[in-house]
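In this chain, residues are counted from 1 in sequence order.
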Amino acid sequence: MINYSKTPIQELESQLFERHGIRVLVKREDLNHPFVSGNKWWKLKYNLEEAVRLDHDVLLTFGGAYSNHIFATAAAGRELGLKTIGIIRGEEVLPLNHTLAFAKSCGMKLHYISREVYRKKTKPGFIEQLFNEFGNFYLIPEGGTNDLAIKGCAEFANQLRLEISFDYLCLSIGTGGTMAGIIEGMNSSKNLIGFSSLKGGEFLVEEIRGMTSPEITNWSVNSDYHFGGYGKATSELKNFITKINDIHQLPLDIVYTSKMFFGVLDLITKGYFKKGSTVLVLHTGGLQGIK
């Protein structure tokens, strides 16, 4: 199994936090592994163990051009000596961006399909076509989200709950799998807020609800800070990333964590969090997106 490094908790200091009586902690999961970092380590952990247990030597998965999951799966495959195939949404654009160039350097075979075809990624007929084209493989869904991923994220959440005292947990969400696992692992003990990086991310509420226990209701999805949608950014967001790194020595990626952290600070400004509470922000990695 790929080694995991226990990560630090970074406390941020700001007059903004003092004025609102809020303590802000950052769990630096971006430091848990050089390449299979952040939530991707937890989502892939049991999937990789299952692939090895079943004697698979090929991993196949899905993602967009800036997918942290594609990046992490390619790195994990290289480290474990497994071949990898990435089914990429959209046409090939040269030169490759850093994420896809890295995946290719790890030996991942990149197979591009149209956005229309990509929507069929969960259909049995399409999966059968992939088996006919690529032979036998271990299938990992888009974003790594499946029952094994939720198990890994729930395990992490349970450890987090025992390790740190906090009132709110904030994290960025894409497919919703990490959020679902965190919800299950926390088991109603904390207030959880997921910040969608997708425009129109309200649909994630139903997606997450379908992966979690119905009696757990201490969570919400905020879709107000997408900055134009997945993989998109504005000059305001880019300046914000630079500012946070200069002030707090906290690097943020442009696809996920920067949007989430911008949202957290805006909610603090608006008095959303109860005075005297501790807000734990989960840094889920993806820093290759900076490049």
Side-chain angles (χ1 to χ4, degrees), residues 1-5 7 29-30 32-64 66-89 99-100 102-104 106-111 118 121-124 126-128 130-131 134-160 171-185 204 207-208 210-212 256 282 284-286 288:
M1 184 57 200
I2 297 172
N3 290 330
Y4 168 81
S5 298
T7 59
E29 284 298 287
D30 57 306
N32 62 11
H33 188 277
F35 303 114
V36 191
S37 70
N39 62 324
K40 298 308 176 189
W41 195 96
W42 292 101
K43 294 179 83 173
L44 286 171
K45 176 183 177 182
Y46 288 112
N47 274 291
L48 295 173
E49 287 187 1
E50 183 69 359
V52 171
R53 186 186 71 83
L54 296 174
D55 292 325
H56 282 281
D57 60 358
V58 179
L59 307 173
L60 183 144
T61 194
F62 305 84
Y66 298 95
S67 169
N68 294 340
H69 171 66
I70 289 290
F71 186 98
T73 302
R78 179 179 63 180
E79 191 161 330
L80 293 174
L82 302 174
K83 298 175 184 178
T84 54
I85 301 169
I87 307 300
I88 309 301
R89 181 180 63 246
T99 295
L100 295 183
F102 173 82
K104 189 173 182 179
C106 291
M108 175 175 275
K109 180 176 182 178
L110 303 178
H111 180 75
Y118 191 85
K121 61 185 177 294
T122 60
K123 302 295 184 182
F126 180 64
I127 300 300
E128 184 178 352
L130 293 176
F131 277 113
F134 297 109
N136 195 26
F137 54 76
Y138 181 83
L139 177 66
I140 303 177
E142 181 183 42
T145 296
N146 58 13
D147 289 344
L148 291 175
I150 292 172
K151 176 183 176 182
C153 291
E155 180 181 272
F156 167 68
N158 187 53
Q159 292 179 16
L160 203 61
L171 67 154
S172 57
I173 53 177
T175 60
T178 298
M179 179 80 170
I182 296 291
I183 290 169
E184 289 294 301
L204 287 166
E207 293 284 325
I208 294 169
M211 294 184 279
T212 55
Y256 290 104
L282 181 58
T284 49
Q288 79 279 352

Using side-chain contact (heavy atoms from CB on, under 4.5 Å), reason through Phe134 and Lys109 one step at a time and then give a plain yes or no.
CA-CA 10 Å; Phe134 297 109; Lys109 180 176 182 178; 3.9 Å; yes
At what distance, to the nearest 0.5 angstrom, does CD1 of Ile183 lie from SG of Cys153?
11.0 Å
Is any side-chain heavy atom of Leu48 closer than 4.5 Å to a side-chain heavy atom of Leu59?
yes
For Gly144 and Ala149, the nearest pair of non-hydrogen atoms, with its separation, is O-CB, 2.9 Å
Do the side chain of Asn32 and the main chain of Gly38 share a donor and acceptor less than 3.5 angstrom apart?
yes
Check Tyr256 against Gly174 and note the closest heavy-atom contact, atom names and distance.
CE2-CA, 3.9 Å
Exactly one candidate in Lys121, His69, Glu142 meets side-chain hydrogen bond (donor to acceptor under 3.5 Å, both in side chains) with Thr61; the answer is His69
Heavy-atom closest pair (Ala154 atom, Glu184 atom, distance to 0.1 Å) is CB-CB, 4.2 Å
Non-hydrogen atoms of Ile150 and Gly177 that approach each other most closely:
CG1-O, 4.0 Å
Test your reading of the model: is there a side-chain donor-acceptor pair from Tyr138 to the backbone of Asp55, 3.5 Å cut-off?
no
Measuring from atom OG1 of Thr84 to atom CZ of Arg78, what distance do you get when rounded to the nearest 0.5 angstrom?
10.0 Å
With a 4.5 Å cut-off on side-chain heavy atoms, are Phe62 and Leu60 touching?
yes
For the backbone of Phe35 and the side chain of His33, can you confirm whether one donor and one acceptor N or O come within less than 3.5 Å of each other?
yes
Can you confirm whether more than 12 heavy atoms, excluding those of Tyr66, are under 6.0 Å from its OH atom?
no
How many angstroms lie between atom CG of Asp30 and atom CG of Leu282, to the nearest 0.5 angstrom?
9.5 Å
Is the shortest heavy-atom distance from the side chain of Lys104 to the side chain of Leu110 under 4.5 Å?
yes
Do Ile208 and Ile173 come close enough that some side-chain heavy atom pair is under 4.5 Å?
yes
Minimal heavy-atom distance between Ala74 and Cys106, with the atoms involved, is O-CB, 3.5 Å
Student check: side-chain heavy atoms of Thr145 and Met211 closer than 4.5 Å
yes
Quick one: are Lys45 and Phe156 in side-chain contact, heavy atoms under 4.5 Å?
no
Minimum-distance pair of heavy atoms, taken over all atoms of Ala157 and Gly185
CB-CA, 3.8 Å
CD1 on Ile88 to CD1 on Ile70, rounded to 0.5 Å:
4.0 Å
Mind running side-chain contact (heavy atoms from CB on, under 4.5 Å) on Glu29 and Tyr4 for me, showing each step along the way?
CA-CA 10 Å; Glu29 284 298 287; Tyr4 168 81; 3.1 Å; yes
Going from CG on Asn47 to CD on Glu50, what distance comes out if it is rounded to the nearest 0.5 angstrom?
8.0 Å
How far does CD1 of Ile140 sit from CG of Leu148, to the nearest 0.5 angstrom?
9.5 Å
Is there a side-chain contact between Thr178 and Trp42 in this structure, where contact means two heavy atoms from C-beta onward sitting under 4.5 Å apart?
no
